[in-house]
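Worth knowing before you read on, the calculation uses all heavy atoms, side chains too, and leaves out hydrogens, waters and symmetry mates. Here is how names work: the chains are called A, B, and so on, in the same order as the sequence lines, proteins then strands, and each is numbered from 1.
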Amino acid sequence: MSKGICYYCQNKSKAAGKLGNKELEKLGHSCNQVIFHKGDKIMIQNSLSYNIVFVKEGLVKVHVLGPEREQIINILKGPCYLGIPTTIGAKINKYSATAISETKVCFIGFDIFKEFVLQNGEFAYEIIIELSKNVLFNIKKCINQIQKQGPGKIAEALLYFSEEIFDNEVFDLPLTRNELGDLTCTSRETTSRILTDFSQNGIIKVNKKKISILNKKKLEKISETG
DNA sequence: GCATTAACCACAG
DNA sequence: CTGTGGTTAATGC
């Protein structure tokens, strides 16, 4: 174990893959792995942020308590970084993160992270790529939510879970209807209605949390046309 | 006006 | 926690 947990880690980020053995060893000494269970808070809005948070594996809900209601920003699947913007860009966390499945998380000291960024260009470049993708994702999501109407937003969300998170036409929705509403900027009631509507039209099959996408073409169509 | 959309309320499983 | 029905408000023909 002398080389530390990061050296042997199988879920390294792309950026960490660019680190040399010495650097990985160093990272191991400044990295702390924690296992979170469903519902555990990983990061809390308005608390001080000292660490870069890396999700090794598991599903995480990123959410913000707005003036009116709770807003789910996105659902992330490890391996991915989680708190870079809020750690670098602000003193306090601008959002919360909650595990929605069993999740392995690494907290990385900000100083060592900064050191790698300054000294290892390839590491920094991978970080920039990940951040850039996040920005593009958020722009897309913003447009979707402002311009699409209910069914389009729900279709979008279902496709996201199917393609990005579970890579399967059949999956267990890891959110309640209420949370799906928080994610898609619709009310719990409309979410529920749209799901039964999709189901009646043979587009999906719903059984409690279990969703089966039966007619993906149609779902994509709805997602595109809003 | 009339239709559509969706939020809010309420109530029942 | 969910599903549905009624009501209401906003928006667009």
Side-chain angles (χ1 to χ4, degrees), chain A residues 35-47 55 57-78 82 93-105 137-226:
Chain A
I35 292 179
F36 289 95
H37 299 100
K38 187 179 167 68
D40 290 346
K41 298 250 186 297
I42 297 169
M43 189 188 278
I44 299 175
Q45 186 176 356
N46 295 328
S47 66
V55 181
E57 56 178 274
L59 292 180
V60 175
K61 168 178 95 169
V62 179
H63 50 118
V64 174
L65 186 59
E68 288 289 325
R69 74 188 79 257
E70 171 99 337
Q71 174 71 51
I72 298 180
I73 306 302
N74 53 17
I75 305 293
L76 297 178
K77 183 176 74 166
L82 174 56
N93 287 315
K94 296 298 176 184
Y95 44 78
S96 298
T98 305
I100 52 177
S101 72
E102 176 110 346
T103 302
K104 279 187 198 164
V105 173
F137 179 83
N138 287 330
I139 290 173
K140 182 171 165 233
K141 192 154 183 284
C142 188
I143 296 294
N144 282 334
Q145 295 194 338
I146 291 172
Q147 298 193 358
K148 282 183 189 174
Q149 47 193 39
K153 293 191 245 186
I154 300 293
E156 163 95 17
L158 293 178
L159 288 169
Y160 174 73
F161 280 115
S162 168
E163 290 170 359
E164 309 293 328
I165 302 287
F166 296 106
D167 195 25
N168 199 324
E169 313 271 288
V170 182
F171 57 89
D172 279 310
L173 193 67
L175 303 176
T176 64
R177 301 296 139 103
N178 210 334
E179 288 173 312
L180 187 57
D182 290 339
L183 176 66
T184 53
C185 296
T186 51
S187 68
R188 176 202 122 241
E189 293 96 322
T190 348
T191 304
S192 168
R193 282 186 177 115
I194 290 169
L195 286 179
T196 48
D197 185 60
F198 282 177
S199 166
Q200 282 169 0
N201 287 307
I203 300 169
I204 59 172
K205 199 173 117 197
V206 183
N207 186 6
K208 300 280 167 65
K209 301 267 185 189
K210 192 168 187 138
I211 310 270
S212 315
I213 295 181
L214 303 176
N215 191 338
K216 188 165 173 180
K217 285 271 172 292
K218 208 162 177 183
L219 200 59
E220 282 167 345
K221 188 88 188 163
I222 295 170
S223 172
E224 282 162 25
T225 56

For A/K209, does the NZ atom have more than 12 heavy-atom neighbours from other residues, nucleotides or ligands under 6.0 Å away? yes
Rounded to the nearest Å, what distance is computed from the CD atom of residue A/E179 to the C1' atom of nucleotide C/dC1? 11 Å
Can you give me the N/O atom pairs linking the protein to nucleotides 6-13 of chain B at distances under 3.5 Å, or say none if there are none?
| residue | atom | partner | partner atom | Å |
| --- | --- | --- | --- | --- |
| B/dA6 | OP1 | A/G150 | N | 2.4 |
| B/dA7 | OP2 | A/S187 | N | 3.3 |
| B/dA7 | OP2 | A/S187 | OG | 3.1 |
| B/dA7 | OP2 | A/T190 | OG1 | 2.4 |
| B/dC9 | N4 | A/E189 | OE2 | 2.9 |

Is the distance from OP1 or OP2 of C/dT4 to the nearest side-chain N or O of A/T196 less than 4.0 Å? yes
What is the distance from CD of A/Q200 to C1' of C/dG3, rounded to the nearest Å? 11 Å
Among A/K140, A/K148, A/K141, find the one that has a side-chain hydrogen bond (donor to acceptor under 3.5 Å, both in side chains) with A/N144. A/K148
Please find the pair of heavy atoms, one from A/L159 and one from A/S223, that lie closest to each other, and give the distance. CD1-CB, 3.8 Å
Minimum heavy-atom separation for A/V60 to A/I100, with atom names? N-CG1, 4.0 Å
Between CD of A/Q145 and C1' of B/dT5 the distance, given in whole Å, is 17 Å
Sequence neighbours left out, what passes salt bridge (charged side-chain N to carboxylate O under 4.0 Å, His left out) with A/E189? Give chain and number order. none
Please find the pair of heavy atoms, one from A/F166 and one from A/D172, that lie closest to each other, and give the distance. CZ-O, 3.6 Å
